[in-house]
Amino acid sequence: VHVYPDAATMTRDADHLEVRLDEEVKSAEDVKALGIDNGDFVFIDPKFTMTGSGFLKSRFIDDKASAVLLLLLLRWCSEKKAAFRHPTRIYFVVYEEVGHGASALARDIDEFVTVDMGCVGLDLAGSEYAVSICAKDSGGPYSYDVVRKLIAAAKREGADYAVDVYPHYGSDVEATLRAGYDIRHGLIGAGVYASHGYERSHRDGALNTLKVIEGYLFE
C-alpha cells in the first residue's frame, strides 16, 4: 500500500474479511464458550524465516526490523559504554498504523528521525539490500537539513543507500508535526519488499540502516 495506489482498496473492507476458527462451532454461543468475544485482538503468525543467503522473510517487518536495530544499538552502547554526541531519546512507538504515531514526545527535542522501512517497487531507487532515505512522502518533504545529514552519514559510513520519494507513505514523525511540535524531521529504513503482505528484506539492508543510525548519532 505504500507503493501502489490501488492496493488499499482491493480487499480491505468488511465484505472481504473473515476470521476462521479451527474449532467446531455452529453459533455465536459456541464461539463465546471458547472464551472468544467481540473486541478481542487477533494475532497473526509472523512465519519468520531467515535464509542462508541473508533474506529476512516475515510478516510485520514494517516495523519489527527497525525495532530490532534500535535494540541492538542500545545493547552495543551499554556494553561499550558509548555515548551519543548529543542528548538522545529512543522511542518505540506502537500507534503508527492507526495514525497516532509519535504524537506525544518531550518538548525539548530539536530533531526526530524515525526508523521505519524503505519501499521497494517500480520507479523507486531503493532495494532490500540498501537503506532508504526518504526525501518526501504523502505528508510532504522532510527537513532538508536532516535529509542531508542522513546522506552524509551514509557516505561517511560506507553504507549502500538510496534517496526516494513515497507518495503513498506516511510515518510516525508526521503525527508529531500535526501535534504541533516544532522539529526538524527525517525518515530512514531498510528496504522491504511488499510491505503489509508478503514481506521480505535482507540482512544487508538492516546493516546499512544501522550504519546510518550510528553515523547520525555519533557524528
Side-chain angles (χ1 to χ4, degrees), residues 1-5 7 54-56 61-70 72-73 84-86 88 90-91 93 96-97 101-102 109-178 181-197 199-219:
V1 297
H2 295 317
V3 177
Y4 302 105
F55 283 102
L56 307 172
I61 294 179
D62 170 24
D63 226 3
K64 189 164 53 180
S66 300
V68 169
L69 293 179
L70 294 175
L72 286 172
L73 175 71
F84 301 131
R85 181 177 179 183
H86 302 286
T88 301
I90 306 292
Y91 285 90
V93 180
E96 182 233 348
E97 299 297 351
I109 293 177
D110 298 313
E111 290 187 0
F112 181 15
V113 175
T114 185
V115 187
D116 199 317
M117 57 157 278
C119 297
V120 176
L122 296 176
D123 299 325
L124 296 174
S127 77
E128 294 155 292
Y129 314 105
V131 55
S132 291
I133 300 171
C134 185
K136 178 183 177 181
D137 64 13
S138 63
Y142 283 81
S143 165
Y144 176 83
D145 291 335
V146 175
V147 171
R148 304 315 298 178
K149 282 184 181 180
L150 294 170
I151 292 173
K155 290 179 178 179
R156 265 196 322 272
E157 300 298 323
D160 184 6
Y161 76 96
V163 181
D164 261 321
V165 172
Y166 305 136
H168 312 294
Y169 187 111
S171 74
D172 290 312
V173 71
E174 285 161 339
T176 311
L177 297 177
R178 290 193 297 270
Y181 286 78
D182 183 15
I183 57 172
R184 296 179 294 273
H185 65 313
L187 164 66
I188 63 172
V192 175
Y193 175 74
S195 174
H196 299 272
E199 301 185 48
R200 188 182 80 163
S201 190
H202 194 276
R203 63 187 173 200
D204 288 350
L207 178 60
N208 284 307
T209 304
L210 192 56
K211 287 180 179 179
V212 173
I213 296 171
E214 291 174 347
Y216 171 77
L217 290 176
F218 293 99
E219 65 173 318

Enter the distance from [X]:[atom1] to [Y]:[atom2] here, rounded to the nearest 0.5 Å.
X: M117; Y: S171; atom1: CE; atom2: OG; result: 11.5 Å
X: H86; Y: D110; atom1: NE2; atom2: CG; result: 9.5 Å
X: I133; Y: R148; atom1: CD1; atom2: CZ; result: 9.0 Å
X: S143; Y: K149; atom1: OG; atom2: NZ; result: 8.0 Å
X: T88; Y: Y216; atom1: OG1; atom2: OH; result: 7.5 Å
X: R85; Y: L217; atom1: CZ; atom2: CG; result: 11.5 Å

Tell me if a side-chain donor or acceptor on [X] pairs with a main-chain N or O of [Y] at a distance below 3.5 Å.
X: D164; Y: G126; result: yes
X: E199; Y: D62; result: yes
X: S201; Y: G191; result: yes
X: E214; Y: K211; result: no
X: S127; Y: Y129; result: yes
X: S66; Y: V115; result: yes
X: R156; Y: G215; result: yes
X: N208; Y: A130; result: no

Over all atoms of both residues, closest heavy-atom pair of [X] and [Y]:
X: V147; Y: A135; value: CG2-CA, 4.3 Å
X: L73; Y: L210; value: CB-CD1, 4.4 Å
X: I109; Y: I183; value: O-CG2, 3.2 Å
X: A190; Y: T209; value: N-OG1, 3.1 Å
X: V212; Y: A153; value: O-CB, 3.9 Å
X: A102; Y: T176; value: O-OG1, 2.6 Å

**Message:** Do V173 and L187 have side chains that approach each other closer than 4.5 Å (heavy atoms only, starting at C-beta)?
**Reply:**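 A side-chain contact is absent here, since even the closest heavy-atom pair is not under 4.5 Å.
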
**Prompt:** So do L177 and F112 actually touch side chain to side chain, heavy atoms under 4.5 Å?
**Reply:**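 No, side chains not in contact.
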
**Asked** Taking the six-membered ring for Trp, are Y142 and H185 ring centroids under 6.0 Å apart?
**Response**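 Under 6.0 Å, so yes.
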
**E96/T114 under side-chain contact (heavy atoms from CB on, under 4.5 Å): CA gap, chis, key distance, verdict** = CA-CA 11 Å; E96 182 233 348; T114 185; over 6 Å; no

**Message:** Please determine whether side-chain contact (heavy atoms from CB on, under 4.5 Å) holds for the pair I188 and I213, giving the CA-CA distance in whole Å, both sets of side-chain angles, and the decisive distance to 0.1 Å.
**Reply:** CA-CA 9 Å; I188 63 172; I213 296 171; 3.8 Å; yes

**Message:** If the test is ring-ring contact (aromatic ring centres under 6.0 Å, His included), which one of Y166, Y193, Y169 qualifies with H2?
**Reply:**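 With H2 as partner, Y166, Y193, Y169 yield a single ring-ring contact (aromatic ring centres under 6.0 Å, His included), made by Y169.
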
**Message:** Taking atom NZ as the centre, does K136 end up with more than 12 heavy-atom neighbours from other residues, nucleotides or ligands that are less than 6.0 angstrom away?
**Reply:**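 No, NZ of K136 has 12 or fewer neighbouring heavy atoms, counting only those of other groups under 6.0 Å.
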
**Request:** Measure up the F55 and H202 rings against each other and bin them: parallel (under 30°), tilted (30 to 60°), perpendicular (over 60°).
**Result:**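 Answer is perpendicular, since the angle exceeds 60°.
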
